[in-house]
2 protein chains.
Amino acid sequence: MFHFSSRSLYALRALYELALCEQGPPMKIAFIAQRQKIPTRFLEGILAQLKRGGIVESRRGVEGGYHLARRSQYLTIGEVLRFLEGPVDFTNSQKKGKKDSISGPTDPFNGLWQKLEKTVETAIDEMTFRDLIEFNERTGQYIPNYII
Amino acid sequence: MFHFSSRSLYALRALYELALCEQGPPMKIAFIAQRQKIPTRFLEGILAQLKRGGIVESRRGVEGGYHLARRSQYLTIGEVLRFLEGPVDFTNSQKKGKKDSISGPTDPFNGLWQKLEKTVETAIDEMTFRDLIEFNERTGQYIPNYII
DNA sequence: ACAATCCCGACTGGAATGATAGGAAAGCAT
DNA sequence: ATGCTTTCCTATCATTCCAGTCGGGATTGT
């Protein structure tokens, strides 16, 4: 229940990688893909999408690559997830057709869904990539191991 | 993001309907389907599944129908959702193949996922169908309109 | 010119989803 | 027993989504 798509999970990890080296030169797709074990061509498409969403920027050519469009303390997990997966919504409203969803205003579960939505949104919106890096540095759960 | 399947939403609403009349005679599929605007044959399958999960019981024949297997104050939303949609899990572990999921123990997002999982689980596990009925009676958001 | 790198759109195989259909089995009345 | 009602089981189907691949085009620095 509640699974994210691989696409979103890959995107978050790629952005984390970019955040780790945000003051360095642009980072190449192939490099990110190798470090995070993401299929290269798949990651290409994901990063292109993130670029269209204004989350990353890129340069082409021999010294090209990707970098964050903003600094990591201003980029939240929630913003990325919302961009990739649409708004938080536990009911079944379809993405395209704005027709009536299964649950309407008289749905007895509306209160519960709204409470859940708010809880989750708060959690993912107050967590920035910088927070994540700091947290993992402190707990040592994730070792960057960068030799540059 | 986080949509439930129609199946689960239908199931919850059907159970809500059963809970509203839990002291009455068994309720027929066709009746529930009509009240909650659920395709009848689809609801058949859903209720059969809920029966196999020990959530409802049934009787066949002319006075047959469904009723809750337990009283509504002992049936939580969480139990139903977990039965239909599997355990709460924000990472991408596949249901069948227990192979390695995309995120491992060194995933920098593990802490966030675990926090979210716990929050959501708590919310859906402490809400029973009786709670729902009482809440909706108080706020008047949902009018049963039963004429029996 | 050339090589590195990002960029774009099409495509595919598999799985999940949202149903629908035929008929079997069970319960009850007569 | 017969027949009616209702649940129960299995199969099928169309559509959509998902993960991943592919070929080739556009940019950039040297």
Side-chain angles (χ1 to χ4, degrees), chain A residues 1-11 13-14 18 25-34 36-53 55-67 69 84-86 91-97 99 101-102, chain B residues 1-11 13-14 18 25-34 36-53 55-67 69 84-86 91-97 99-103:
Chain A
M1 172 163 40
F2 297 123
H3 297 287
F4 286 110
S5 63
S6 292
R7 190 177 187 85
S8 295
L9 264 10
Y10 285 152
R13 303 211 319 213
L18 290 179
M27 195 177 280
K28 299 182 211 334
I29 292 176
F31 180 75
I32 303 172
Q34 189 207 342
Q36 290 286 340
K37 307 260 181 54
I38 305 172
T40 308
R41 301 300 295 270
F42 194 21
L43 181 57
E44 262 186 42
I46 294 169
L47 285 169
Q49 187 181 3
L50 291 175
K51 179 183 181 173
R52 287 192 291 274
I55 293 170
V56 298
E57 290 171 351
S58 66
R59 275 186 62 193
R60 298 200 242 199
V62 57
E63 288 295 311
Y66 280 93
H67 60 93
L84 292 174
E85 307 241 344
T91 63
N92 198 17
S93 68
Q94 306 298 11
K95 288 157 189 170
K96 296 271 177 177
K99 312 207 164 185
S101 61
I102 284 179
Chain B
M1 170 161 45
F2 298 124
H3 297 293
F4 287 110
S5 61
S6 293
R7 191 178 186 83
S8 296
L9 264 10
Y10 285 153
R13 303 210 317 211
L18 290 180
M27 194 177 281
K28 298 184 210 331
I29 292 176
F31 179 75
I32 303 171
Q34 188 206 344
Q36 290 286 341
K37 305 260 180 54
I38 305 172
T40 307
R41 300 302 295 270
F42 194 20
L43 181 57
E44 264 186 41
I46 295 169
L47 285 170
Q49 186 181 5
L50 291 175
K51 178 183 181 174
R52 286 191 292 274
I55 293 170
V56 298
E57 290 171 351
S58 67
R59 276 185 62 191
R60 299 200 240 198
V62 57
E63 288 294 311
Y66 280 92
H67 60 93
L84 291 174
E85 306 241 345
T91 64
N92 198 16
S93 68
Q94 306 298 10
K95 287 160 190 168
K96 296 271 176 178
K99 313 207 164 186
D100 38 31
S101 62
I102 285 179
S103 75

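Chain A is the first sequence line, chain B the second, and so forth, proteins listed ahead of strands; every chain is numbered from 1. In this text the structure is predicted, and so the values were computed from the model without any measurement.
Summarising the geometry, the separation between CD1 on A/Ile32 and C1' on C/dC6 is reported as 12 Å, rounded to the nearest angstrom. Taking atom NE2 on A/His67 and atom C1' on C/dC6, their separation rounds to 13 Å, with Å as the unit. Remark: P of D/dT15 and CZ of B/Arg7 are 21 Å apart, rounded to the nearest angstrom. The CD atom of A/Gln36 sits 18 Å away from the C1' atom of D/dG20 (whole-angstrom rounding). Going from atom CG of A/Leu84 over to atom P of D/dC18 covers 11 Å, rounded to whole Å. The distance from atom CZ of B/Phe42 to atom P of D/dC13 is 18 Å, rounded to the nearest whole Å. Distance, A/Ile38 CD1 to D/dA19 P: 13 Å, rounded to whole Å. Between the C1' atom of D/dC22 and the CG atom of A/Leu43 lies a distance of 16 Å, rounded to the nearest Å.
The environment of A/Glu57 atom CD is dense: over 12 non-hydrogen atoms of other residues, nucleotides or ligands sit within 6.0 angstrom.
Using a 4.0 Å cut-off, some side-chain N or O of A/Ser6 falls inside it from OP1 or OP2 of D/dA19. OP1 or OP2 of C/dA19 sits under 4.0 Å from a side-chain N or O of B/Tyr10. At the phosphate of D/dC17, neither OP1 nor OP2 sits under 4.0 Å from any side-chain N or O atom of A/Ser5. Between A/Lys51 and C/dC7 there is a side-chain polar atom (N or O) within less than 4.0 angstrom of OP1 or OP2. For C/dC7, neither phosphate oxygen OP1 nor OP2 lies less than 4.0 angstrom from any side-chain nitrogen or oxygen of A/Arg52.
The two residues A/Lys51 and A/Ser58 come nearest to each other via the heavy atoms NZ-OG, 2.9 Å. Scanning all heavy atoms of the two residues, the minimum distance from A/Ala30 to A/Thr40 falls at CA-CG2, 4.4 Å.
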Could you check B/Glu85 against A/Phe2 for side chain to side chain contact (heavy atoms under 4.5 Å, CB included), going step by step and ending with a plain yes or no? CA-CA 9 Å; B/Glu85 306 241 345; A/Phe2 297 123; over 6 Å; no

Take A/Phe4 and B/Met1, measure what side chain to side chain contact (heavy atoms under 4.5 Å, CB included) needs, and give me the verdict at the end. CA-CA 8 Å; A/Phe4 286 110; B/Met1 170 161 45; 3.8 Å; yes

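Interface remark: the A/Arg60 side chain does not form any donor-acceptor pair with the D/dT28 base, using a distance-only criterion of under 3.5 Å. A donor and an acceptor atom sit less than 3.5 Å apart, one in the side chain of B/Arg41 and one in the base of C/dG22.
Along DNA chain D, the nucleotide nearest A/Glu44 and the nucleotide nearest A/Ser8 are compared for position; the residue whose nucleotide lies closer to the 5' end is A/Ser8.
As judged by a 4.0 angstrom heavy-atom cut-off over every strand, B/Gly65 is placed among residues touching the sugar-phosphate backbone only. In this structure, B/Glu63 reaches neither bases nor backbone, as no heavy-atom distance under 4.0 Å exists between it and the strands shown. If you check every strand for non-hydrogen atoms under 4.0 Å, B/Ile29 touches sugar and phosphate atoms only.
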